[in-house]
Peer 1: 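Following this message is one structure expressed as structure tokens.
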Amino acid sequence: KILVADDHPIFRKGLIDIIRSVAPGAEISEAENGLSAGEKIESFKPDIAFLDVEMPGEDGIKICRGAKNNHTKSKIIILTMYKSGEVLNMALNSGADGFILKDNSAGEIMDCIETVMNGKQYISKDMQKHLENIDVFRKKRNEMEKGLLSLTKTEKKVLQLVSNNLSSKEIALRMFITPKSVENYRSRICKKFGLETGNNSLLRWTLENKDLIKLLSF
């Protein structure tokens with residue numbers, strides 16, 4: 001029993017075709033959003049669940065964490081186009097049994113299925129280089145989580161808009177505040193994350209960590 005959860009129907013169909021080509025007897029269920037995926041892990045009880053990182057409603061990493069906390073017996077494989085060590089670390093911390101990239105070959109996808117069904121963890125070959133720095137990524141994630149928890153609701157909104165590469169003037173128009181107020185919020189955020197103020201340091205930092213910021217806080 002296999003669950004394929006992804007909000008892109010073409011990719012979902014392609015993955016299902018790969019699975020059926022080598023396991024024609026598999027019972028396959030689909031989910032097009034995070035809410036449906038979480039419900040189907042509980043009701044369908046798949047042997048393997050493929051979860052896309054980004055889906056409407058809930059992301060795959062949070063679904064994985066919740067399922068593992070509920071002691072699911074399903075093997076969970078995280079699907080993503082992100083090739084960053086931060087996202088890999090978040091997936092591993094959530095209890096994922098496998099981590100593969102969306103551009104992996106059919107052969108590697110099947111290797112992943114076989115590996116996790118044998119009780120072992122599978123990491124995409126293209127991502128294994130990040131495992132050497134896993135402790136660094138975990139420290140970075142922990143520090144960022146602490147910083148995000150210290151932000152006010154307004155500061156989080158400003159941070160989100162900065163990460164979308166909006167200027168202080170554009171942010172001010174969207175939030176119905178003055179550009180000066182935005183600059184003050186940016187300065188406070190910089191202090192909470194230990195960044196230098198000015199010289200677009202916050203913009204550079206958010207662009208470098210955009211994937212992690214999005215998954216952790218928004």
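The model shown is predicted, which means the values in this text are computed figures rather than measured ones.
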Peer 1: With a sphere of 6.0 Å drawn around NZ of Lys1, does it hold more than 12 non-hydrogen atoms of other residues, nucleotides or ligands?
Peer 2: yes

Peer 1: State, yes or no, whether a side-chain contact exists between Ile189 and Val162 at a heavy-atom distance under 4.5 Å.
Peer 2: no

Peer 1: Rounded to the nearest 0.5 Å, how far apart are CZ of Arg174 and CG of Leu161?
Peer 2: 6.0 Å

Peer 1: Taking side chain as C-beta onward, heavy atoms only, is Glu155 less than 4.5 Å from Leu159?
Peer 2: no

Peer 1: Are the side chain of Lys45 and the backbone of Glu42 linked by a donor-acceptor contact shorter than 3.5 Å?
Peer 2: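 Yes; judged by distance alone, with no hydrogens or angles, the pair exists.
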
Peer 1: Would a hydrophobic clustering, with Ile, Leu, Val, Met, Phe, Trp and Tyr connected at side-chain separations under 4.5 Å, put Val116 with Ile123?
Peer 2: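 No: no chain of side-chain contacts under 4.5 Å links Val116 to Ile123.
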
Peer 1: Are any of the side-chain heavy atoms of Arg65 and Lys62 separated by less than 4.5 Å?
Peer 2: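 A side-chain contact exists here, since the closest heavy-atom pair is under 4.5 Å.
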
Peer 1: Looking at residues at least two apart in the chain, or sitting in another chain, which of them share a side chain to side chain contact (heavy atoms under 4.5 Å, CB included) with Glu108?
Peer 2: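 In terms of side chain to side chain contact (heavy atoms under 4.5 Å, CB included), with neighbours along the sequence ignored, Glu108 is linked to Asn104, Ser105, Tyr122, Ser124, Lys125.
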
Peer 1: What distance do Met127 atom CE and Ile100 atom CD1 have between them, rounded to the nearest 0.5 Å?
Peer 2: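 It is 12.0 Å, given to the nearest 0.5 Å.
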
Peer 1: Are the side chain of Ser94 and the backbone of Ala91 linked by a donor-acceptor contact shorter than 3.5 Å?
Peer 2: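 Yes, because the side chain of Ser94 sits within donor-acceptor range (under 3.5 Å) of the backbone of Ala91.
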
Peer 1: Could you see if Leu3 belongs to whatever hydrophobic cluster contains Ile109? Use Ile, Leu, Val, Met, Phe, Trp, Tyr and a side-chain cutoff under 4.5 Å.
Peer 2: no

Peer 1: Distance-only, no hydrogens or angles: does the Asp59 side chain make a donor-acceptor pair with backbone N or O of Ile61 under 3.5 Å?
Peer 2: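 Between the backbone of Ile61 and the side chain of Asp59 there is a qualifying donor-acceptor contact (under 3.5 Å).
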
Peer 1: Ser36: what forms a side chain to side chain donor-acceptor pair (under 3.5 Å) with it, not counting sequence neighbours?
Peer 2: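 With neighbours one apart ignored, the set is empty.
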
Peer 1: According to a hydrophobic-cluster definition based on side-chain heavy atoms being under 4.5 Å apart (Ile, Leu, Val, Met, Phe, Trp, Tyr only), do Leu195 and Leu207 belong together?
Peer 2: yes

Peer 1: Quick check: does any side chain N or O of Asn33 sit under 3.5 Å from a backbone N or O of Met55, one acting as donor and the other as acceptor?
Peer 2: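 Not a single qualifying donor-acceptor pair exists.
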
Peer 1: Do Leu15 and Asp6 have side-chain heavy atoms sitting under 4.5 Å apart?
Peer 2: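 No, their side chains stay 4.5 Å or more apart.
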
Peer 1: We want to know whether Lys40 and Ser29 form a side-chain donor-acceptor pair, criterion being a heavy-atom distance below 3.5 angstrom.
Peer 2: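 The answer is yes; a qualifying pair exists.
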
Peer 1: Going by atom types only, do Ser201 and Glu196 share a side-chain donor-acceptor pair under 3.5 Å?
Peer 2: no

Peer 1: A side-chain contact here means heavy atoms from C-beta on lying under 4.5 Å apart; do Leu151 and Phe193 qualify?
Peer 2: yes

Peer 1: Take Asp52 and Lys102, measure what salt bridge (charged side-chain N to carboxylate O under 4.0 Å, His left out) needs, and give me the verdict at the end.
Peer 2: CA-CA 9 Å; Asp52 185 18; Lys102 286 193 171 184; 3.3 Å; yes

Peer 1: What residues, two or more places apart in sequence or in another chain, satisfy side chain to side chain donor-acceptor pair (under 3.5 Å) together with Asn70?
Peer 2: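 Not a single residue meets the side chain to side chain donor-acceptor pair (under 3.5 Å) criterion with Asn70.
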
Peer 1: Check for a donor-acceptor pair, side chain of Thr206 on one end and backbone N or O of Leu202 on the other, with a separation under 3.5 Å.
Peer 2: yes

Peer 1: Calculate, to the nearest 0.5 Å, the distance between atoms CE and CG belonging to Met90 and Leu88 respectively.
Peer 2: 11.0 Å

Peer 1: Do Met117 and Asp47 make a side-chain contact, defined as non-hydrogen atoms from C-beta onward lying under 4.5 Å apart?
Peer 2: yes

Peer 1: Is it true that, when you exclude Glu30 itself, more than 12 heavy atoms of the residues, nucleotides or ligands shown sit nearer than 6.0 Å to its CD?
Peer 2: yes

Peer 1: Side-chain heavy atoms nearer than 4.5 Å, only ILVMFWY residues, links allowed to pass through others: does that put Met110 and Leu101 together?
Peer 2: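 No; Leu101 is not reachable from Met110 via cluster members.
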
Peer 1: Name all residues meeting the side chain to side chain contact (heavy atoms under 4.5 Å, CB included) criterion together with Glu39; count only those two or more places apart in sequence or in a different chain, and write none if there are none.
Peer 2: Leu35

Peer 1: Do Leu92 and Tyr82 share a hydrophobic cluster, counting only Ile, Leu, Val, Met, Phe, Trp and Tyr and linking them when any side-chain heavy atoms are less than 4.5 Å apart?
Peer 2: yes

Peer 1: Does Val4 reach the side chain of Phe11, with side-chain heavy atoms less than 4.5 Å apart?
Peer 2: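 The answer is no, as the side chains (C-beta and beyond) never meet within the 4.5 Å cut-off.
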
Peer 1: Quick one: OG1 on Thr154 to CD1 on Ile177, what's the gap to the nearest 0.5 Å?
Peer 2: 7.5 Å

Peer 1: Using a 3.5 Å cut-off and no angle test, enumerate the donor-acceptor pairs between side-chain atoms of residues 18-28 and protein atoms at least two apart in sequence or in another chain.
Peer 2:
unit_1: Ser21; atom_1: OG; unit_2: Ile18; atom_2: O; d: 2.6

Peer 1: Please list, chain by chain and in numerical order, all residues satisfying side chain to side chain donor-acceptor pair (under 3.5 Å) with Thr72, sequence neighbours excluded.
Peer 2: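 In terms of side chain to side chain donor-acceptor pair (under 3.5 Å), with neighbours along the sequence ignored, Thr72 is linked to Ser74.
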
